[in-house]
Amino acid sequence: MSENLSSSAEAIDDAPSVHAIQAKWQEYWAENDTFLAGGAEDTRPRKFVLAMFPYPSGDLHMGHAENYLYSDIVARFWRHRGHNVLNPIGWDSFGLPAENAAIRRGADPREWTYQNIDQQKRGFKSYGVSFDWSRELHTSDPEYYHWNQWLFLQLHERGLAYRKKSPVNWCPNDQTVLANEQVVDGRCERCGAEVIKKKLTQWYFKITDYADRLLDDLNQLEGRWPHKVLQMQRNWIGRSIGADVDFRIEGREEPVTVFSTRPDTLHGATFFVVAPDADLAAELVADAPAEVQERFAAYLADVQKTTDIDRQSTDRPKTGVFLERYAINPVNGEKMPIWAADYVLADYGHGAVMAVPAHDQRDLDFARAFDLPIKVVVDTTAPITGAMPVIEVDDEGVPIDTGAALDEQHPSKTGVALTGEGRLINSGDLNGLSKRNAITRTIEQLQANGTGRAAKNYRLRDWLISRQRFWGTPIPMLHHEDGSVTPVPEAQLPVTLPSVDGLDLSPRGASPLGAAESWVRTVDPVSGDPVLRDPDTMDTFVDSSWYFLRFLSPNSDQFAFDPTEAARWAPVDSYVGGVEHAILHLLYARFITKVLFDMGLIDFTEPFSSLINQGMVILDGAKMSKSKGNLVLFQEELDKHGADALRVGLAFAGPVEDDKDWADVSTTGAQKFLARALRLSHEVSSPVDVLFKDGNAALRRGTHHLLAEAPALVEQTKFNVLVARLMELVNLTRKTIDSGAGAADPAVREAVETLAVMLDLIAPHTAEEMWEALGHEPSVGLVHWRQADPALLVEDTITAVVQVGGKVRAQLEVSAKISEAELEALARADERVIRAIGDKEIMKVIVRAPKIVSFAVKG
RNA sequence: GCCGGCGUGGCGGAAUGGUAGACGCGGAGCACUCAAAAUGCUUUGUUCGAAAGGACGUGUGGGUUCGAGUCCCACCGCCGGCACCA
């Protein structure tokens, strides 16, 4: 801002300006280490408060402003409640944007990254966030990614990191593979390019081994994580319970296993389908007539051309090729033709299904398209409660009368598969059983025959962690000439990234590290053999899957984290971040936590005891984006209104989890409120040690009501309501002063001190300034919240409400201690009540002293 | 299609089954001022009424209850997740 503005501008912001106050206190906090967490000797109870660490993309934006405001409110709250609070900050500083920027400028990704970190760091400091800066970490430092490599080796040793050749998601734009979680609607989560499938050998983490625990442990988080996130994780893991059934295949020695959630319908399985891109399909077609092979090859080529986006469109007609091979139904020996069709996925279950067209919509659509038999085996019109019905059967055990109702609903007529509850028919000794009982019975029978067993399947796939990019953690594995792969010994870690000098980082499908000859070619320290380093780097979600633990021992070169410190601080008590990580980061972090638990390094199985999901900051109903040009810039708003007004505006805009439209965020309202509060502190004229008990009673009650209510508001993250309550107390204090009590009234000091201490959560600079004006030593951030005096929470008089026929007809000012009889008598005597009752008959009187009298009337 | 969430003034939103609309934005009016800004005060759901006072009112329709924004059932709408997952 220019210096030569006229004096009128100064008059508006009467000195000291908001910005001067900000600078003053930010300097004070830095110099005094006000917000450093206490060490091992600190006996206060501990709270670990954490916001998802930022990716250093450049300037802070409004999303950051919101995210770190909420975590700061929680951290400040616990300090005021006498806790030793750890509120650290670090940088998720590996990743593609740095690399892409480096390619554009022909520079080192390090430069871009560390410059951005500096910039964002200044942003956080000018925003007044109470971080413990002494524990700052960068995932792109060798001191950090050393321990990513260590973690990888631990997983490898336990069989949880493995290599396999498999169709993977490939982003043709970023020229790298993607995890399943990073493909959104068939597109790359980062750049939006249509993802294609490629068959590649890649490193995976075996997260599916933990699928049951990841799913079941979500129950522990019920009520402590947003319902929505729990639901999303449950959907993502997608457990199905059913049976594996072994089918003999004519001309093949080994039986083929398929998974089904409806083993009860096995008698209705009339054909068999394999995924065209599964190995089984290729094998089965190998012995087929040449003409079939040709048709299959053409079909497979077609299928592979289809992108996921096309493949997922629901009304796509069913396609497939008959392979002229047969499977044998294990329950009735019937021959089932085998088809290859792309509605069956190669990488789910066993890549093949038994098709039950009568009771599965997809199978039905396929059967109708290719004229395959449809056999109903569950009568969905039969009652399923009560005793098992007697079903009359003919000589061959086929029920004689399945009823006209069922006939009408036959899938071959309606095109609608019968998936509901019902009673089994056409199924031998299962006939008459309910669906549920038939499932149990079938599994027992399969198990007895050795042709099947109970089984579970998951939508969740293993976590593909290899990336063909430079700016990430090198995978610490060595490739030998004989094809074997061995780990780099732990003592040799970290495997550091080479210099970018002479390296072409531009994406071309293979990791740029592969071209760093002097880096890639090395010697195995164990065998002495010449080996090649693995040229890929790890998914950056590996970095963030355990970083919260690194904050506990940020400088250790002995271990990733100190288990003693972990026992002290972890798990994280309050975790704050956007819902966009509902599955990715939060699932991976939960997985790694369980692995570390199994290793005996930590004593908990869930990393984040409670989770706060903030909504997005949007503008005029639309997501802000650079390309749309509808950005609200953090720094600009901060300069314009000051950090505290920004913080109050955001906190007051609405519930934490809702999106906030910047158009609805009132920074002017916030500024006015803060100015009113600050002005009060300058008016207070009673001495610091004045006795509050002599103060204005109504104001004292207001103060103590807030003292009583505020902690619950913070713990329930109702920050917008907290701001409203603070506004109310400011208004009440103003009124008390102006209406006669005056600024010297002890209750005014009590109210303003309370305001300062509570306002610190949201507007810390203003709070410090108020605290100082009140004659106290800084920092207000470390002052304990006073307890509410129960005596002051009891009102002398209360407004009782009288209802007649459910409608409010009168308000009565009564003593809070009034008896029910007295209150009823008062109500009956009230003129308005008498008028409302008129000549109606009183049926019933409900009295809840001192709040309510309710007359139920007739007529 | 399956699963989940949400519908409250002009706007953001508040409300352990007990006075719906706290608090704020915006609007209107007033005081201070030569004037403005700033500040302070009053008012502001709709509707009938000069007023007193009344009627209506939390997406729609039903139900439970002395009493429902809140609980139950059905429907409508919006948002989110998953989706040819066997």
Side-chain angles (χ1 to χ4, degrees), chain A residues 8-9 11-14 184-185 226-240 242 258-262 265 269 273 275 311-316 318 341-345 347-356 359-363 365-366 419 457-461 579 582-583 648-649 652-655 657-661 663-670 672-673 675-676 679 712 718 720-728 730-731 734-735 738 799-811 832 835 842-848 851-857:
Chain A
S8 67
I12 295 166
D13 284 6
D14 52 275
V184 179
D185 295 331
H227 177 80
K228 185 180 171 183
V229 176
L230 296 176
Q231 208 54 39
M232 284 168 75
Q233 291 222 354
R234 289 189 179 111
N235 273 340
W236 189 261
I237 297 166
R239 180 164 63 196
S240 305
V258 302
F259 174 74
S260 172
T261 53
R262 292 294 303 277
T265 62
V273 187
R311 194 173 168 144
Q312 279 169 9
S313 81
T314 30
D315 46 359
R316 208 163 137 254
K318 292 282 182 288
D342 70 348
Y343 81 91
V344 172
L345 306 175
D347 60 348
Y348 182 77
H350 306 277
V353 301
M354 65 181 215
V356 186
H359 304 289
D360 181 282
Q361 191 61 47
R362 296 151 301 177
D363 296 342
D365 294 343
F366 192 81
T419 56
N457 244 300
Y458 306 91
R459 218 194 66 91
L460 181 71
R461 310 292 150 89
V579 75
I583 358 203
V648 169
F652 189 53
E657 64 279 7
D658 288 8
D659 287 350
K660 276 140 218 96
D661 199 319
D664 299 323
V665 174
S666 173
T667 44
T668 33
K672 264 199 230 172
F673 159 64
R676 274 161 72 85
R679 219 176 303 131
K718 294 182 173 181
N720 58 330
V721 183
L722 177 67
V723 174
R725 297 289 174 261
L726 290 169
M727 287 173 167
E728 279 173 320
V730 166
N731 293 344
R734 178 81 268 150
K735 236 176 213 141
D738 292 349
T799 309
V801 171
V802 187
Q803 296 182 339
V804 179
K807 290 195 166 130
V808 178
R809 294 300 177 186
Q811 282 106 330
R832 290 159 296 184
R835 203 181 331 133
I842 297 174
M843 306 297 294
K844 196 174 171 187
V845 185
I846 286 99
V847 185
R848 299 270 179 276
K851 293 284 294 178
I852 288 274
V853 182
S854 181
F855 294 97
V857 292

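All of these numbers come straight from a predicted model, not from anything done at the bench. Naming convention: chains lettered A, B, ... in sequence-line order (proteins, then strands); numbering from 1 in each chain.
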Can you identify which nucleotide, out of B:G18, B:C84, B:G81, has its nearest atom closest to the A:Arg316 side chain?
B:C84

According to a strict under-4.0 Å criterion, is A:Ser240 in side-chain N/O contact with OP1 or OP2 of B:A86?
yes

Here's a test of your reading of the structure: between A:Gln231 and A:Val801, which maps to the more 5' nucleotide of RNA chain B?
A:Gln231

Checking all strands, does A:Gln803 fall into the base, sugar-phosphate, or nothing category for heavy-atom contacts under 4.0 angstrom?
base

Is there a Watson-Crick or G-U wobble partner for B:C32 with both distances under 3.5 Å, and which nucleotide is it?
none

Identified pairing partner of B:G45, criterion: Watson-Crick or G-U wobble below 3.5 Å:
B:C56

Report the distance from atom CG of A:Asp365 to atom C1' of B:G1, rounded to the nearest whole Å.
12 Å

What interatomic distance, in whole Å, is found between P of B:G7 and the corresponding atom of B:A15?
12 Å

The nucleotide from B:A86, B:C3, B:G53 with an atom nearest the side chain of A:Val344 is B:A86

Nearest-angstrom distance from the residue atom CD1 of A:Ile583 to C1' of B:C3
13 Å

For the C1' atoms, the ones on B:C25 and on B:G13, what distance do you get once it is rounded to whole angstrom?
11 Å

Looking at the side chain of A:Arg679, which of B:U19, B:C23, B:U39 is the nearest nucleotide?
B:U39

With a distance cut-off below 6.0 Å to the six-membered ring centre and an angular limit of 45° from the axis, does A:Lys318 pair with A:Tyr343 as a cation-pi contact?
yes

Is the base of B:G45 syn or anti, if syn means a glycosidic angle within 90° of 0?
anti

Could you check how far NZ of A:Lys672 sits from C1' of B:C25, rounded to whole Å?
9 Å

Between B:G10 and B:C72, how far is it from one P atom to the other, in whole Å?
28 Å

Can you give me the closest heavy-atom contact between A:Tyr348 and A:Ser240, atom names plus distance?
OH-OG, 3.4 Å

Can you tell me if A:Gln803 uses its side chain to pair, donor with acceptor, with the backbone of A:Val853 under 3.5 Å?
no

When you check the gap from the basic side-chain N to the acidic O, do A:Arg316 and A:Asp342 get nearer than 4.0 Å?
yes

For A:Asp360 and A:Arg262, run salt bridge (Lys or Arg N to Asp or Glu O under 4.0 Å): C-alpha distance rounded to whole Å, both residues' side-chain angles, the deciding distance at 0.1 Å, then the answer.
CA-CA 9 Å; A:Asp360 181 282; A:Arg262 292 294 303 277; over 6 Å; no

Can you check the A:Ile846 CD1 to B:A68 P distance for me, whole Å?
12 Å

Could you give the distance separating B:G4 and B:C75 at their P atoms, to the nearest angstrom?
14 Å

When both distances are under 3.5 Å in a Watson-Crick or G-U wobble arrangement, the nucleotide paired with B:G7 is B:C76

Can you tell me if A:Asp363 uses its side chain to pair, donor with acceptor, with the backbone of A:Val356 under 3.5 Å?
yes

C1' spacing across the pair B:G69 / B:G21, given as an integer number of angstrom
11 Å

Counter-base of B:G1, judged by Watson-Crick or G-U geometry with both distances under 3.5 Å
B:C82

Quick tally for nucleotides 45-50 of chain B: nucleotides whose base has a protein heavy atom under 4.0 Å get B, sugar-phosphate-only ones S, the rest -, giving ------

Rounding to an integer number of angstrom, what distance separates B:G9 and B:G24 when you compare their C1' atoms?
14 Å

When the distance from CZ of A:Arg234 to P of B:A83 is rounded to whole Å, what number comes out?
18 Å

Any side-chain N or O of A:Asn731 under 4.0 Å from OP1/OP2 of B:G24?
yes

Using a heavy-atom cut-off of under 4.0 Å over every strand shown, decide if A:Gly238 touches base, sugar-phosphate, or nothing.
nothing

Could you please name the partner base of B:G69, counting Watson-Crick and G-U wobble pairs only when both distances are under 3.5 Å?
none

Rounding to 0.5 Å, atoms CG (A:Leu722) and CE (A:Met727) come to a distance of 10.5 Å

Which heavy-atom pair separates A:Arg832 from A:Arg809 by the least distance, and what is that distance?
CB-O, 3.5 Å

Heavy atoms only: give me the nearest A:Val845-A:Phe855 pair and the separation to one decimal.
CG2-CD2, 3.7 Å

Sugar-phosphate only, base, or nothing, as touched by A:Arg848 at under 4.0 Å among non-hydrogen atoms
base

Regarding A:Gln231 and A:Asn235, do their side chains bring together a donor and an acceptor under 3.5 Å, going by distance alone?
no

Examine distances only and state if a side-chain atom of A:Arg459 and a backbone atom of A:Trp236 form a donor-acceptor pair shorter than 3.5 Å.
yes

Whole-Å gap separating P (B:G81) and NE2 (A:His227):
15 Å

Output yes when at least one side-chain N/O atom of A:Lys807 is less than 4.0 Å from OP1 or OP2 of B:C56, else no.
yes

Between A:Lys228 and A:Thr668, whichever has its closest RNA chain B nucleotide further toward 5' is A:Thr668

Pull out every protein N or O sitting under 3.5 Å from an N or O of nucleotides 11-15 of chain B, one pair per line with the distance.
unit_1 : atom_1 : unit_2   : atom_2 : d
B:C11  : O2'    : A:Asp664 : OD1    : 3.4
B:G12  : O2'    : A:Ala653 : O      : 2.4
B:G13  : O3'    : A:Asn720 : ND2    : 3.3
B:A14  : OP1    : A:Asn720 : ND2    : 3.2
B:A15  : OP1    : A:Lys718 : NZ     : 3.2

Hey, is the side chain of A:Arg809 poking within less than 4.0 Å of OP1 or OP2 on B:U19, counting only N and O atoms?
no

Are A:Val579 and A:Lys228 side-chain neighbours, meaning at least one heavy-atom pair lies under 4.5 Å?
yes

Across every strand shown, the nucleotide meeting Watson-Crick or G-U wobble geometry with B:A38 (both distances under 3.5 Å) is none

Between A:Lys844 (NZ) and B:U65 (P), how many Å, whole number?
9 Å

Can you tell me if the side-chain N/O atoms of A:Arg676 get under 4.0 Å from OP1 or OP2 in B:G40?
yes

From CG of A:Asp661 across to C1' of B:G10 the rounded distance in Å is 15 Å

Quick one: which of B:G5, B:G81, B:G40 gets closest to the side chain of A:Arg734?
B:G40

Work out how far the C1' atom of B:C73 is from that of B:C23, and round it to whole angstrom.
36 Å

Where the side chain of A:Glu728 is defined as all heavy atoms beyond and including C-beta, which of B:A22, B:G18, B:A86 is the nearest nucleotide?
B:A22

Tell me whether A:Asp664 is salt-bridged to A:Lys660, with the criterion being a basic N under 4.0 Å from an acidic carboxylate O.
no

Look at all strands and tell whether A:Ala856 reaches a base, only sugar-phosphate, or nothing, counting heavy atoms closer than 4.0 Å.
sugar-phosphate

Quantified in whole Å, what is the C1' atom distance between nucleotide B:A14 and nucleotide B:A22?
5 Å

Distance-only donor-acceptor test, A:Ser666 side-chain atoms vs B:C25 base atoms, 3.5 Å
no

